[in-house]
Amino acid sequence: MPDFSIKALCASSLAAAALVSVAPAHAQTAAQPAGPSYPDLVELSKRAGMVIKARVQTISRLDPAQVRNPTALHDRFYAQAQTEALIYGRQGIGPSLRYLVDLPQDRPELSGREVLLFAWRVPDKASDIKLVDPTAQILWTPLQEARLRSILSELVAPGAPLPVTRVRELMFVPGNLAGQGQTQIFLDTKGGRGVAITVRHQPGMAPSWGVSFSQVAAATEAPPRQDSLAWYSLACFLPAYPPAPANVSRSSAKQEQALNDYRMVVSSLGTCNRTR
């Protein structure tokens with residue numbers, strides 16, 4: 001490939017990297033044995049104009065002098081690959097691909113390996129793509145492709161859950177029996193739609209909760225399944241504690257119960273296990 005094309009790809013890759021927050025040093029390690037986490041795949045998918053399955057044909061390390069702002073843990077490579085499938089994308093893609101990618105220094109041998117690429121097309125260059133960030137390439141496995149296709153199906157579905165932006169209000173209301181009552185938690189999302197979480201208390205039973213990604217109370221008592229878009233939208237965006245003014249329960253005891261219920265929800269969701 002001519003030198004001017006490599007320079008153009010370098011500039012495109014660096015421009016994309018400038019839009020991405022720098023990950024903590026402990027996260028910039030070699031690819032995890034189990035691959036990226038569910039939140040990683042969601043966030044890569046949301047940023048990509050196309051998701052491609054490809055087979056790497058050749059890959060060569062760039063001279064460090066050509067790389068602006070190199071990292072201590074990665075080298076930059078120029079890769080040529082053969083398209084195997086366009087998993088997601090509104091525009092077609094040609095049979096051959098060229099792109100820049102940052103790889104850990106203890107990388108596996110990639111020539112002949114299948115990979116998944118999260119990218120955009122480079123304007124006016126039919127075979128060139130730009131990864132959504134310099135490391136947005138993962139090794140293909142049947143499991144990773146199945147997980148990815150499930151995520152993409154959820155993301156494009158009508159009424160797909162959206163990330164939470166704010167805890168708007170929470171309130172505990174006691175029931176008619178001792179030990180009975182419910183806490184309603186109302187949330188805002190990036191798309192402006194409301195989310196309602198309901199925590200139910202029944203005498204002699206552990207609290208149960210459910211979520212509805214609309215303004216109505218949740219009809220189910222089951223929390224969202226882990227590694228689902230609903231789980232991601234809560235687990236990765238709910239704050240550990242709600243803002244104090246949002247707790248509108250009418251007594252200190254009810255406010256404490258509402259806060260305890262909120263904390264129970266956060267705890268049951270578990271950790272948002274981003275690795276990127």
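Because the structure is predicted, anything quoted here is derived from the model rather than measured.
- Heavy-atom neighbours of Lys190 NZ from other residues, nucleotides or ligands within 6.0 Å: at or below the threshold of 12.
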Exercise. Hey, mind stepping through Val122 and Arg98 against side-chain contact (heavy atoms from CB on, under 4.5 Å) and telling me if it holds?
Worked result: CA-CA 10 Å; Val122 175; Arg98 302 179 298 193; over 6 Å; no

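- For the atom pair CD1 (Ile129) and CG (Leu97), the distance works out to 5.0 Å, reported to the nearest 0.5 Å.
- In the hydrophobic cluster analysis, where Ile, Leu, Val, Met, Phe, Trp and Tyr join through side-chain heavy atoms closer than 4.5 angstrom, Val164 is grouped apart from Leu259.
- A distance of 13.0 Å separates CG in Leu41 from NZ in Lys46, rounded to the nearest 0.5 Å.
- The side-chain tip of Lys130 does not point at the ring of Trp120 from less than 6.0 angstrom away and within 45° of straight on.
- Shown here for Arg168 and Ala246, the closest heavy-atom pair between the two residues is O-CB, 3.6 Å.
- To the nearest 0.5 Å, the span separating CD on Gln257 from OG on Ser251 amounts to 10.5 Å.
- Side-chain heavy atoms closer than 4.5 Å link hydrophobic residues (I, L, V, M, F, W, Y) into clusters, and following such links, possibly through other members, connects Ile197 to Val266.
- Tyr88 and Leu143 fall into different hydrophobic clusters, where Ile, Leu, Val, Met, Phe, Trp and Tyr side chains are chained together by heavy-atom contacts under 4.5 Å.
- The hydrophobic cluster containing Leu162 does not contain Leu187, counting ILVMFWY residues as joined when their side-chain heavy atoms lie under 4.5 angstrom apart, directly or transitively.
- Closest non-hydrogen pair, Leu177 versus Pro203, comes out as CB-CG, 4.3 Å.
- Proximity of a side-chain donor or acceptor of Arg200 to a complementary backbone N or O of Gln202 within less than 3.5 Å is not detected.
- Side-chain contact between Gln144 and Leu139 is absent, with no heavy-atom pair separated by less than 4.5 Å.
- Without hydrogens or angle criteria, Ser268 side chain to Val265 main chain gives a donor-acceptor distance under 3.5 Å.
- Using a 4.5 Å cut-off on side-chain heavy atoms (C-beta onward), Met264 and Pro207 make contact.
- The closest side-chain donor-acceptor pair between Gln182 and Thr198, if any, does not fall under 3.5 angstrom.
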Please list every donor-acceptor pair under 3.5 Å in which a side-chain atom of residues 232-242 meets a protein atom from a residue at least two apart or in another chain.
{"residue": "Tyr232", "atom": "OH", "partner": "Glu43", "partner atom": "OE2", "Å": "3.0"}
{"residue": "Ser233", "atom": "OG", "partner": "Leu229", "partner atom": "O", "Å": "2.8"}

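- Smallest separation of non-hydrogen atoms from Pro104 and His74: N-CD2, 3.5 Å.
- Atoms CD and OG, from Gln255 and Ser249 in turn, are 6.0 Å apart once rounded to the nearest 0.5 Å.
- Asp75 is listed as a side-chain neighbour of Gln105, based on a closest heavy-atom distance under 4.5 Å.
- The backbone N or O of Leu269 sits less than 3.5 Å from a side-chain atom of Trp231, completing a donor-acceptor pair.
- Between Lys53 and Leu117 the shortest side-chain heavy-atom distance does not fall below 4.5 Å.
- With hydrogens and angles left out, the side-chain atoms of Tyr38 and Gln226 include no donor and acceptor closer than 3.5 Å.
- Atom CH2 of Trp140 sits about 8.5 Å away from atom CG of Leu116, to the nearest 0.5 Å.
- At a threshold of 4.5 Å between side-chain heavy atoms, the hydrophobic network of Ile, Leu, Val, Met, Phe, Trp and Tyr places Leu155 and Leu148 in one connected group.
- Using a 4.5 Å cut-off on side-chain heavy atoms (C-beta onward), Leu110 and Leu103 make contact.
- Nearest heavy atoms, Thr189 versus Arg193: OG1-O, 2.8 Å.
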For this session: Using the side-chain contact (heavy atoms from CB on, under 4.5 Å) rule, take Phe118 and Ser45 through it: C-alpha gap first, then chi angles, then the decisive distance, then the call.
Result: CA-CA 7 Å; Phe118 301 82; Ser45 298; 3.7 Å; yes

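- Side-chain atoms of Asp40 and Thr275 include a donor-acceptor pair closer than 3.5 Å.
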For this session: Report the C-alpha distance between Val101 and Arg76 in whole Å, list the side-chain angles of each, state the deciding distance to 0.1 Å, and finish with yes or no for side-chain contact (heavy atoms from CB on, under 4.5 Å).
Result: CA-CA 6 Å; Val101 59; Arg76 185 154 298 167; over 6 Å; no

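- Using modelled atom types, no side-chain atom of Thr183 and backbone atom of Asp261 make a donor-acceptor pair closer than 3.5 Å.
- With a 4.5 Å cut-off on side-chain heavy atoms, Gln137 and Tyr99 count as touching.
- Note on Asp128 versus Arg121: no salt bridge recorded, every NZ/NE/NH1/NH2 to OD/OE distance being 4.0 Å or above.
- Side-chain contact between Trp209 and Pro223: present, with at least one pair of heavy atoms (C-beta onward) separated by less than 4.5 Å.
- Ser150 places no side-chain N or O within donor-acceptor distance of the main-chain N or O of Ala146, the cut-off being under 3.5 Å.
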Exercise. Run the side-chain contact (heavy atoms from CB on, under 4.5 Å) check on Val167 and Leu170 step by step: do they pass?
Worked result: CA-CA 8 Å; Val167 181; Leu170 65 158; 4.3 Å; yes

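- Distance alone, capped at 3.5 Å, places no donor-acceptor pair between the Arg166 side chain and the Asp188 backbone.
- The main-chain N or O of Thr141 is never found under 3.5 Å from a side-chain atom of Glu145 such that the two would form a donor-acceptor pair.
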Exercise. Stepwise, does the salt bridge (charged side-chain N to carboxylate O under 4.0 Å, His left out) test hold for Arg113 with Glu109?
Worked result: CA-CA 8 Å; Arg113 300 285 296 274; Glu109 174 56 48; over 6 Å; no

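- In this structure, the side chain of Arg55 does not engage the main chain of Gln82 through any donor-acceptor pair within 3.5 Å.
- Atom CD1 in Ile138 sits 7.0 Å away from atom CG in Leu44 (nearest 0.5 Å).
- No side-chain heavy atom of Leu100 sits under 4.5 Å from any side-chain heavy atom of Pro134.
- Atom CD of Glu256 has 12 or fewer neighbouring heavy atoms from other residues, nucleotides or ligands inside a 6.0 Å radius.
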